[in-house]
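Worksheet for the structure shown next.
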Protein chains: 2
Amino acid sequence: MPEPADTAWLRTVAHEVRSFDRSSTAERVAELLRSRVIEGDLPPGTRLSEEQLVEVLHVSRNTLREAFRLLTHEGLLVHRLHRGVFVPQLDEDDLVDLYRLRRTIECDVVRRLEGLDAVRLRPLHDAVAAGEDAARRGDWGAAGTANMRFHQQLVALAGSRRIDETTARLLAELRLAFHAVAVPQRLHEPYVSRNRALLDLLTAGEVEQAAKELEAYLHDSEAELRAAHRDRVGTGP
Amino acid sequence: MPEPADTAWLRTVAHEVRSFDRSSTAERVAELLRSRVIEGDLPPGTRLSEEQLVEVLHVSRNTLREAFRLLTHEGLLVHRLHRGVFVPQLDEDDLVDLYRLRRTIECDVVRRLEGLDAVRLRPLHDAVAAGEDAARRGDWGAAGTANMRFHQQLVALAGSRRIDETTARLLAELRLAFHAVAVPQRLHEPYVSRNRALLDLLTAGEVEQAAKELEAYLHDSEAELRAAHRDRVGTGP
DNA sequence: CCTAGGGAGTTGTTGAACAATCCCTCAAGG
DNA sequence: CCTTGAGGGATTGTTCAACAACTCCCTAGG
């Protein structure tokens with residue numbers, strides 16, 4: 001088989017792989033890297049080499065850099081001029097900042113809720129059930145995922161696109177902090193039942209009560225995470 | 001003068017112009033476009049042609065596209081695959097959504113404030129004074145700018161980087177809506193004195209009262225802007 | 001009037017090239 | 001021994017030119 005034809009075939013296949021869906025290549029690369037960062041495969045502090053990723057992902061440097069830019073603005077990567085992009089290492093101030101915004105959005109959303117019914121609460125119910133199931137199995141990774149879903153669905157009740165997006169960024173960044181600490185059970189276990197309690201309050205229509213509980217909940221969660229973070233720094237390198 | 005030397009000289013000068021400060025070329029291009037969009041020079045719906053801007057700004061397409069990406073994530077441009085970037089045309093749902101998030105953030109920030117003093121309120125005071133001055137002069141563009149500054153400084157009292165950033169995006173997007181309507185006086189005039197009233201409440205330490213006033217304030221502002229927006233659509237193309 | 005299809009023009013992506021910067025090493029000097 | 005500074009290698013920043021892929025508009029045909 002002649003060489004040029006072979007090359008052309010490869011390019012065609014490559015394109016099919018690249019653009020099967022309606023998003024751009026950069027967006028798909030970003031999605032891939034996003035999942036790696038969120039899943040914790042790339043620990044905080046890791047530098048993402050352009051050369052290396054270009055080689056592995058079979059995209060051009062320009063496209064890769066566009067993907068970097070996307071993730072940088074989601075807070076999942078940090079860009080240092082002339083030094084490259086890194087998986088961020090959140091410090092305790094970042095945790096405070098993240099929980100500050102989190103309390104603002106989540107508590108306010110809950111407090112303003114009205115006209116709740118079983119249908120609207122269904123996604124929340126599913127997330128709580130998934131969390132309980134994961135906890136029973138001892139799968140604390142899944143429990144963490146379910147917890148994130150619970151909070152995302154909680155703010156989704158506000159019906160605001162921008163609140164959803166802001167929360168998504170927020171929770172994604174928070175995941176980085178969770179991966180930085182070693183003990184998932186300690187961080188996730190108490191909140192399985194508290195999510196259930198929160199859902200019960202919402203089902204009863206007690207939004208003010210739910211907002212207060214959520215406030216305390218987030219306060220406790222922040223304290224727990226900060227403590228775990230400090231421990232890790234203490235025993236670190 | 002030989003041609004190659006001439007080219008080299010131009011490149012050197014071009015680089016001096018490009019990197020006099022510590023930011024990247026893309027960031028400076030973004031800053032330029034940002035001001036054009038925010039000032040209303042580029043009306044909503046305008047398409048920004050890559051070809052044309054590359055010609056005018058003397059940067060490469062890649063750099064320009066990185067600038068686009070920056071502004072897209074600020075909500076100041078929208079990117080449609082294979083169609084280019086546009087100045088967004090906000091519809092009434094967007095206005096509702098923006099004010100929804102705005103009420104959540106601003107009111108909650110105010111409600112949680114404590115330990116206020118004259119020093120911390122100084123930036124707010126300056127913004128109010130600038131607004132009053134602009135109103136006296138009948139400069140409603142400046143009044144709008146001062147108003148934005150007031151609200152940005154208001155949330156800055158929370159001392160949270162991420163709240164600041166979220167608010168900045170929010171207000172920048174809201175500016176687009178202001179430009180889409182024709183009557184700046186009607187939109188800005190009532191809020192010069194209401195900003196003053198809000199500042200007085202904060203100076204007195206009445207945060208709960210201030211939060212309630214801000215809630216009503218934003219409600220009125222939203223209604224006003226939506227009405228102006230509907231008028232414009234009615235008399236539109 | 002509606003629908004297919006065929007350019008023309010614009011964006012998406014690539015790969016190579018060069019400039020600018022960072023970081024590590026190593027040697028000279030205090 | 002420690003500090004300081006000058007290479008040099010590796011990586012990022014930016015540009016350019018080419019081609020692929022897509023959208024939009026216009027036209028021909030039903």
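Below, read A as the first sequence line, B as the second, and so on, with proteins coming before strands; counting in each chain starts at 1. As a basis for the values below, the full set of heavy atoms in this structure was taken, side chains included, without hydrogen atoms, waters or symmetry mates.
- Atom-to-atom, CD of A:Gln52 to P of D:dT12 comes out at 10 Å; the value is rounded to the nearest Å.
- Applying the 4.0 Å criterion to OP1 and OP2 of D:dG13, one finds that A:His79 has a side-chain N or O inside that range.
- Among residues two or more places apart in sequence or in another chain, the side-chain hydrogen bond (donor to acceptor under 3.5 Å, both in side chains) test is passed with B:Thr63 by B:Ser60.
- Between the side chain of A:His179 and the backbone N or O of A:Pro43, no donor-acceptor pair lies under 3.5 Å.
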Residues 121-130 of chain B, side-chain donor-acceptor partners within the protein, below 3.5 Å, at least two apart:
unit_1, atom_1, unit_2, atom_2, d
B:Arg122, NE, B:Asp126, OD1, 3.2

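- Taking atom CD of residue A:Glu27 and atom C1' of nucleotide C:dT11, one finds them 14 Å apart after rounding to whole Å.
- With respect to B:Ser160, the side chain to side chain donor-acceptor pair (under 3.5 Å) criterion is satisfied by exactly one of A:Asp97, A:Thr104, A:Asp93: A:Asp97.
- For A:Phe86 and D:dT11, the CZ to P distance is 12 Å, given to the nearest whole Å.
- The stretch residues 60-72 of chain B touches DNA chain C through B:Arg61, B:Arg65, each having a heavy atom under 4.0 angstrom from the strand.
- Atom pair A:Leu57:CG and C:dT13:P shows a separation of 14 Å (rounding to whole Å applied).
- With rounding to whole Å, A:Leu81 atom CG is found 12 Å from D:dT11 atom C1'.
- A:Arg34 meets the salt bridge (Lys or Arg N to Asp or Glu O under 4.0 Å) test with A:Glu31, A:Glu74; sequence neighbours excluded.
- By the side-chain contact (heavy atoms from CB on, under 4.5 Å) test, A:Glu50 pairs with A:Arg61, A:Leu64, A:Arg65, A:Phe68, sequence neighbours left out.
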Are any protein N/O atoms closer than 3.5 Å to N/O atoms in nucleotides 7-9 of chain C? If there are, list each pair with its distance.
none

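- Listed by chain and residue number, nothing satisfies the side-chain hydrogen bond (donor to acceptor under 3.5 Å, both in side chains) test with A:Asp91 (two or more places apart in sequence, or in another chain).
- Partners of A:His82 under the side-chain contact (heavy atoms from CB on, under 4.5 Å) rule, at least two apart in sequence or in another chain, do not exist in this structure.
- Set against D:dT23, D:dG13, C:dG12, the side chain of B:Arg83 has D:dT23 as its closest nucleotide.
- Every residue two or more places apart in sequence or in another chain that forms a side-chain hydrogen bond (donor to acceptor under 3.5 Å, both in side chains) with B:Thr145 is listed here: B:Arg175.
- Taking the C1' atoms of five terminal pairs at each end of the helix from C:dC1-D:dG30 to C:dG30-D:dC1, the two resulting helix axes are inclined by 20°, rounded to 10°.
- Residues satisfying the ring pair (Phe, Tyr, Trp, His ring centres under 6.0 Å) criterion with B:Phe150, sequence neighbours excluded, are absent altogether.
- In this structure, B:Arg80 places its CZ atom 17 Å from P of C:dT10, rounding to the nearest Å.
- Here salt bridge (Lys or Arg N to Asp or Glu O under 4.0 Å) pairs that include residues 147-161 of chain B, with residues two or more places apart or in two chains, are A:Asp94-B:Arg161, B:Arg161-B:Glu165.
- Look at CD on A:Glu50: it is 16 Å from P on C:dT21, rounded to the nearest Å.
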